[in-house]
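Just dropping this structure here.
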Amino acid sequence: MHKRMTITIDEEVYRGLHRMVSPRRRSQFIEDAIRPLVSQEALEEGYRAMAANEEEEAEAREWMEGMVQDFNDEAW
């Protein structure tokens, strides 16, 4: 189901959209661009992909542990 929406965008963006995308494809173009930013499914897929990257997960865990240690050192 589609909903109609009125939005306000910068004039330069407006001109670029008109120049690059045909009038019949503009709504789909905007929807395709925005969907990954607002879709819960896309967000969850992104989290799964990040969790599957073991090297980045190890780096994040090391960073978090360092932050906890810094907090503990400062708190006491």
Side-chain angles (χ1 to χ4, degrees):
M1 176 180 196
H2 287 91
K3 297 284 188 178
R4 184 170 295 271
M5 165 184 240
T6 301
I7 61 171
T8 302
I9 58 175
D10 181 78
E11 186 175 347
E12 183 181 348
V13 174
Y14 179 82
R15 285 193 309 261
L17 185 62
H18 275 268
R19 202 173 41 250
M20 296 181 68
V21 183
S22 73
R24 301 182 89 200
R25 300 259 318 131
R26 286 184 191 136
S27 290
Q28 189 64 52
F29 178 84
I30 293 168
E31 184 175 327
D32 291 346
I34 294 172
R35 182 178 301 277
L37 301 173
V38 298
S39 167
Q40 185 66 31
E41 185 177 309
L43 182 62
E44 289 171 2
E45 177 59 35
Y47 285 141
R48 282 192 290 276
M50 286 190 305
N53 185 330
E54 294 177 11
E55 184 178 320
E56 285 188 14
E57 279 295 300
E59 187 177 311
R61 194 172 6 268
E62 183 179 322
W63 180 82
M64 289 186 316
E65 289 170 355
M67 291 295 291
V68 168
Q69 185 62 44
D70 288 348
F71 178 76
N72 286 337
D73 291 346
E74 290 178 17
W76 304 107

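Position 1 is the first residue of the sequence; numbering continues from there.
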Who are the side chain to side chain contact (heavy atoms under 4.5 Å, CB included) partners of Asp10, not counting sequence neighbours?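 With neighbours one apart ignored, the set is Glu12, Val13.
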Once side chain to side chain contact (heavy atoms under 4.5 Å, CB included) is applied, do any residues pair with Glu62, and if so which ones, sequence neighbours excluded?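 Side chain to side chain contact (heavy atoms under 4.5 Å, CB included) check on Glu62 returns nothing, list empty.
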Have Gln69 and Glu65 got a donor and an acceptor in their side chains that come within less than 3.5 Å?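 No, because no side-chain N or O of Gln69 sits under 3.5 Å from a partner of the opposite role on Glu65.
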Could you pull out every donor-acceptor pair under 3.5 Å between side chains of residues 17-25 and any protein atom, sequence neighbours left out?
| from | atom 1 | to | atom 2 | distance (Å) |
| --- | --- | --- | --- | --- |
| His18 | ND1 | Arg26 | NH1 | 3.2 |
| His18 | ND1 | Arg26 | NH2 | 3.0 |
| His18 | NE2 | Tyr14 | OH | 3.1 |

With sequence neighbours excluded, tell me which residues meet salt bridge (charged side-chain N to carboxylate O under 4.0 Å, His left out) with Arg15.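 By the salt bridge (charged side-chain N to carboxylate O under 4.0 Å, His left out) rule, Arg15 matches Glu11.
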Approximate separation, where rounding is to 0.5 Å, of Ser27 OG and Arg4 CZ: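 Answer rounded to 0.5 Å: 8.0 Å.
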Please list, one pair per line, the donor and acceptor atoms closer than 3.5 Å that link side chains of residues 48-60 to other protein atoms, with sequence neighbours excluded.
| from | atom 1 | to | atom 2 | distance (Å) |
| --- | --- | --- | --- | --- |
| Arg48 | NE | Glu45 | OE1 | 3.4 |
| Arg48 | NH2 | Glu45 | OE1 | 3.2 |
| Asn53 | OD1 | Glu55 | N | 3.3 |
| Asn53 | OD1 | Glu56 | N | 3.1 |

Can you name the side chain to side chain contact (heavy atoms under 4.5 Å, CB included) partners of Ile34, sequence neighbours left out?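 Expected list: Ile30, Val38.
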